[in-house]
Amino acid sequence: MKIAVIGGGGREHAIIKKLREYKEPLQIVAIPGNGGIALDAECVAIDAKNIPEIVSFCVDAKIDYAIVAPDDPLVLGCVDALEEKGIPCFGPRANAAIIEGSKVFSKNLMKKYGIPTASYETFDNKDSALLYLESAEFPIVIKADGLALGKGVIIAENKGEARDAVISIMEDKKFGASGDHIVIEEFLTGVEVSVLAFTDGKTVKPMISSMDHKRAGDNDTGLNTGGMGTIAPNPYYTDEVADRCMKEIFLPTIDAMNKEGRTFKGCLYFGLMITEKGPKVIEYNCRFGDPETQVVLPLLESDLLTIMKAVTEERLDEVEVKNSDKAACCVIMASAGYPVKYEKGFDIDIPADVLPDVYVAGAKLKENKLITSGGRVLGVTAVADTLKQAVKDAYEKVDQIYFKNMYFRHDIGEKALKILEK
Ligand code: AMP
Ligand code: GLY
């Protein structure tokens, strides 16, 4: 079987490594992949947003099944375009990917169907947004409507910061057309949990819960990043919280999308805040999270491709999604200066016995050697019986890896371990 995986980060590397556990050998092509993925699959240099080229490549290469992993191609209709050519896919069609592609859409969906989320208002012009801020309470959260490379969310501590955010998004167009509409919403307090769930539009089967560490610096200081490390399971996601999430959020979301004529098939990511009043949705993503995938898939005991195909064929109820009772930790090794400015092009040394646990996010292959090519460079994952051991093992692996100007957080998992020790 010939499989195409669209995307080129650590998440896609984790998906491909997991696919390799399939009972038969698979021919896997990554589009565009990266230097690390090239060690595990063939890579084809087509931009993940170039839908026409992806489609013509997949047709010519006689791809049997495509997995579309990143948000951009999903929102741009990559699945629709491949399906039109008769290639079955894993991932939502564009009309369902809008759940991530438009925050105005997702907030209105939640309001209409009573799914718990922060209270909010939407705006399509700057002046009414600024007027609203005059009588608002702070902190407050300002979100550009569309995709903004994960940077379209601003938490404003006071009126001045909030006004600056509105002006930069709506007037200066910091995120382009993504800022034509904005959401201004209530600031929620609590703990964040990520849940990635398979769904075929009828059945929802969650994978293990996880916790991202979004800030660049130790103890949650510094700028927001794409994610500096993850652990799973998330100790705040108790059985009781999980039950509530299934009843109050997961199933109602799937029903709501069906009622809107936008059946969601693929991996739906629930970014949740566990507040004093119960779980609320912070955001939906229409895809596997990154770097959540790098801890969630290593803890998935069932076969990934079998589940994905069941999702595509709308028979998820027939397959098992079994999560391990072990724990995992992924530490992201980045280039110093990320997420702002950083140098690239440095040799990466990884001992051969550590390589299987490394998910490459930003590296190229040059004369068969990995060299840094991005802000986030590697994700290093360990699985163990306890979270404490997984964290220790992940950092032991990190200590064996070297590249110039490498940077990583030293406290991935600490918050979770404190909860477990209570
Ligand atoms: P997002 O890009 O939607 O993942 O948002 C980035 C981060 O902003 C989230 O992971 C939260 O930490 C934070 N955030 C977003 N919305 C809220 C909210 N309403 N209240 C508090 N924090 C939020
Ligand atoms: N880790 C959050 C995301 O994938 O957007």
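Indexing begins at 1, ligand by ligand and atom by atom, following the structure's order. When reading the values below, keep in mind they use all heavy atoms of this one structure, side chains included, and skip hydrogens, waters and symmetry mates. We're numbering straight along the sequence, starting at 1.
For ligand 2, the atoms closer than 4.0 angstrom to any heavy atom of G289 are 4 (O). Near L188, with a cut-off below 4.0 Å to any heavy atom, the atoms of ligand 1 are 18 (C), 19 (N), 20 (N), 21 (C). Shown in contact with E292 at under 4.0 Å from a heavy atom are these atoms of ligand 2, numbered in order with element: 1 (N), 2 (C). Every atom of ligand 2 with a heavy atom of R287 under 4.0 Å away is listed here by number and element: 3 (C), 4 (O), 5 (O). Numbered from 1 in the order shown, with element, the atoms of ligand 1 that lie under 4.0 Å from a heavy atom of I282 read 14 (N), 15 (C), 16 (N), 17 (C). Atoms of ligand 1 lying under 4.0 Å from at least one heavy atom of E185, given by number and element, are 16 (N), 17 (C), 18 (C), 19 (N). Remark: ligand 1 atoms within the under-4.0 Å shell around heavy atoms of V153 are 1 (P), 2 (O), 3 (O), 5 (O), 8 (O), 15 (C). Distances below 4.0 Å separate heavy atoms of N285 from the following atoms of ligand 2: 3 (C), 5 (O). Near K143, meaning under 4.0 Å from any of its heavy atoms, are these atoms of ligand 1: 15 (C), 16 (N).
Side-chain contact between I99 and Y284: present, with at least one pair of heavy atoms (C-beta onward) separated by less than 4.5 Å. Inter-residue side-chain proximity for V55 and F57 is flagged as unmet; no heavy-atom pair is nearer than 4.5 Å.
The proximity of K280 to ligand 1, defined as any non-hydrogen pair under 4.0 Å, does not occur for either the backbone or the side chain. Heavy atoms of E186 found under 4.0 angstrom from ligand 1 belong exclusively to the backbone.
Atom CD of E240 sits in a sparse spot, with 12 or fewer heavy atoms from other residues, nucleotides or ligands closer than 6.0 Å. Few gaps surround NZ on K2; more than 12 heavy atoms of other groups in view lie less than 6.0 Å from it. Other residues, nucleotides and ligands place more than 12 heavy atoms under 6.0 Å from the NZ atom of K18.
In this comparison of D212, T225, D290, the heavy atom closest to atom 4 (O) of ligand 2 sits on D290.
Note that the OG1 atom of T199 and the CG atom of L268 stand 7.0 Å from one another [nearest 0.5 Å]. Considering CD of E83 and OG1 of T312, their distance stands at 8.0 Å, rounded to 0.5 Å.
Y269 OH, 3.5 Å is the protein heavy atom nearest to atom 2 (C) of ligand 2.
Between F90 and F198, the two ring planes are perpendicular [angle over 60°; tilted spans 30° to 60°]. Ring pair Y132/F123 is tilted by interplanar angle, where 30° to 60° counts as tilted.
For the pair E192 and ligand 1, the shortest N or O to N or O distance falls below 3.5 Å. When only interatomic distances are considered, the shortest N/O to N/O separation between E283 and ligand 2 does not fall below 3.5 Å.
A cation-pi arrangement is not found for K159 relative to F138, the charged atom failing to lie both closer than 6.0 Å to the ring centre and inside a 45° cone about the ring normal.
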